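None of the values given here were measured: they were computed from a predicted structure. Every chain is numbered from 1 and lettered A, B, ... according to where its sequence line falls, protein lines coming before strand lines.
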There are 2 protein chains.
Amino acid sequence: MSKSGKTVLIVDDEAPIREMIAVALEMAGYECLEAANAQDAHSHVVDHKPDMILLDWMLPGTSGVEFARRLKREELTAELPIIMLTAKGEEDNKVQGLEAGADDYITKPFSPRELVARLKAVLRRTTPQGIEEPIEVGGLVLDPVCHRVTSFDVPVDIGPTEYRLLQFFMTHQERAYSRAQLLDQVWGGNVYVEERTVDVHIRRLRKALGQAHEHLIQTVRGTGYRFSTKAS
Amino acid sequence: MSKSGKTVLIVDDEAPIREMIAVALEMAGYECLEAANAQDAHSHVVDHKPDMILLDWMLPGTSGVEFARRLKREELTAELPIIMLTAKGEEDNKVQGLEAGADDYITKPFSPRELVARLKAVLRRTTPQGIEEPIEVGGLVLDPVCHRVTSFDVPVDIGPTEYRLLQFFMTHQERAYSRAQLLDQVWGGNVYVEERTVDVHIRRLRKALGQAHEHLIQTVRGTGYRFSTKAS
DNA sequence: CCGACCTGTCACATGGTTGTAACATTGCGT
DNA sequence: ACGCAATGTTACAACCATGTGACAGGTCGG
């Protein structure tokens, strides 16, 4: 995070391919890490905290999909953008890959050009903010580093989606957002879920925050929701 | 929900496909225009100024990419969002499409659901949304971003219709409007409601604003209403 | 394989909003 | 002052947006 250049971890068991990718990315101004299997990759993730991962579908031992799932499951790495690489003909796995948490999907062979373009796109999409500071309002504290929420020092137990929702709200206070906007911002642009789903998660979040903070998330009838410290 | 009233131009050389898309979009509340080639499309763009374009990759004559580039080059149309449509197997062209200025890219076949979802996402992303300034008069503040009205920092509780009514008035001060004009502007042209309904909403709005601002909305007997800061 | 968890969706409950009508009041011309 | 028309005011039933609880499928860890 020190320099402007983002760090990309390349995970593929074939060294020449890694090399080719690395060269392309370095020419585009990225730092590169390389790993041949999931174990090494995991070490790199822990040690160097890359900004994104290029992950081959086929890996010796733990497969790419499996590894992606694992990363998405752990809180510290859940937000790490992943682009899946796959050989031609395996396109049917696309859905599976995306469902495993991949943010994009590239079919080999691909041009360096394409790679860089998609990588940029994903980074742009997934790095709206780099909030390292805890956010506090009332007795409510959201700590992005610890990935935890506390209300008056009491831990609040919420699911990943509610966490992201709350984080979005705490970084976008006072303004009203439509359900569609929230789906876009919190769920991610490419999913399709019912707008009413937002209501349910709002409900869960309100419930989890308890009555002490219930008023923080306000309903804007006919429009959507708003996070505000001011009374309605 | 969304009476967005946005207009979408569908450009594809196959009429059945155009038709299918048009039906899907119309069910979602969009207006549709259709064109079979780049020439017709361009006329439509000039004549009807659509809010976005669905552009098939393959077109007789000028190709989709070419057309997209042309649109992006001209100043008047440079901001027009474009979604590219492409048949399966042409995925390699994706980068080229995006570089030509397309805002998104959908592979045929696609579900109407997906189409509408992506379309919404693109429109949301490309619609300049945040530049709306709060309007202030006296101690009365209407903030479109927060979707909130305050009178001397005290929140004013009004329904959606009163909100829209007030917003219209605050952006059209000093002039008298007939009930018919207000129905047109605030309710939307094609609804049928009694003109007296306006009176009721005016009343509700006056009441909500309180005595401090009651004089702002003036009755113009025999004509309609007027929003004015000057005393009558 | 099971059980705990999370998620998205539904059906239903609830409460706010809306349009309309009925009645009260005001303004204006005579 | 009177009558008429325009507007103010209130009440209300239908409607609609949201709140709420339950459920099925899926994932993950044991």
Candidate nucleotides dC6(C), dG19(D), dT17(C), ranked by approach to the side chain of Pro160(B) - the nearest: dT17(C)
Distance below 4.0 Å between Trp187(B) side-chain N/O and dG19(C) OP1 or OP2: yes
Sugar-phosphate only, base, or nothing, as touched by Glu162(B) at under 4.0 Å among non-hydrogen atoms: sugar-phosphate
Side chain of Val200(B) (C-beta onward), nearest among dT7(C), dT9(D), dT27(D): dT9(D)
Whole-Å distance separating the CG atom of Asp199(B) from the P atom of dT18(C): 16 Å
Length of the CD1-C1' vector between Ile158(A) and dC6(C), whole Å: 13 Å
Sugar-phosphate, base or nothing in reach of Val220(B), heavy atoms under 4.0 Å: sugar-phosphate
Rounded distance in Å - NE2 (His201(B)) to C1' (dT9(D)): 14 Å
Phosphate contact (dG19(D) OP1 or OP2) by Tyr225(A) side-chain N/O below 4.0 Å: yes
Under-3.5 Å donor-acceptor pair between Arg69(A) side chain and dG26(D) base: no
OP1 or OP2 of dT7(D) under 4.0 Å from side-chain N/O of Arg179(B): yes
Distance-only donor-acceptor test, Arg204(A) side-chain atoms vs dG8(C) base atoms, 3.5 Å: yes
Reported CG-to-OG1 distance for the pair Leu140(A) and Thr150(A), which is rounded to 0.5 angstrom: 7.0 Å
Interatomic distance where OH belongs to Tyr192(B) and P belongs to dT20(C) [whole Å]: 7 Å
Listed nucleotide nearest any side-chain atom of Thr219(A), set dT18(D), dG8(C), dT27(D): dT18(D)
pair Met52(A)-Leu9(A): side-chain heavy atoms closer than 4.5 Å: no
Euclidean distance, atom OH of residue Tyr163(A) to atom P of dC5(C) [Å, nearest integer]: 21 Å
Closest to the Glu194(A) side chain, choosing from dT18(D), dC10(C), dT18(C): dC10(C)
Rounded distance in Å - CD1 (Ile202(A)) to C1' (dG8(C)): 15 Å
Whole angstrom value for the distance that separates P of dT7(D) from CD of Glu195(B): 10 Å
Per Arg221(B) side chain, nearest of listed nucleotides dG19(C), dT26(C), dT9(C): dT26(C)
Aromatic ring proximity Phe227(A)/His213(A), centre distance under 6.0 Å: no
Geometric cation-pi criterion, Arg164(B) with Phe168(B): 6.0 Å, 45°: no
Interatomic distance, Leu115(B) atom CG to Leu54(B) atom CG [nearest 0.5 angstrom]: 5.5 Å
dG19(D) base / Arg206(A) side chain donor-acceptor hit below 3.5 Å: no
Distance in angstrom units between Asp157(A) CG and dA4(C) P, rounded: 15 Å
Selected nucleotide, minimal atom distance to Thr161(B) side chain, candidates dT9(D), dT18(C), dT9(C): dT18(C)
Any Arg175(A) side-chain heavy atom under 4.5 Å of Gln181(A) side chain: yes
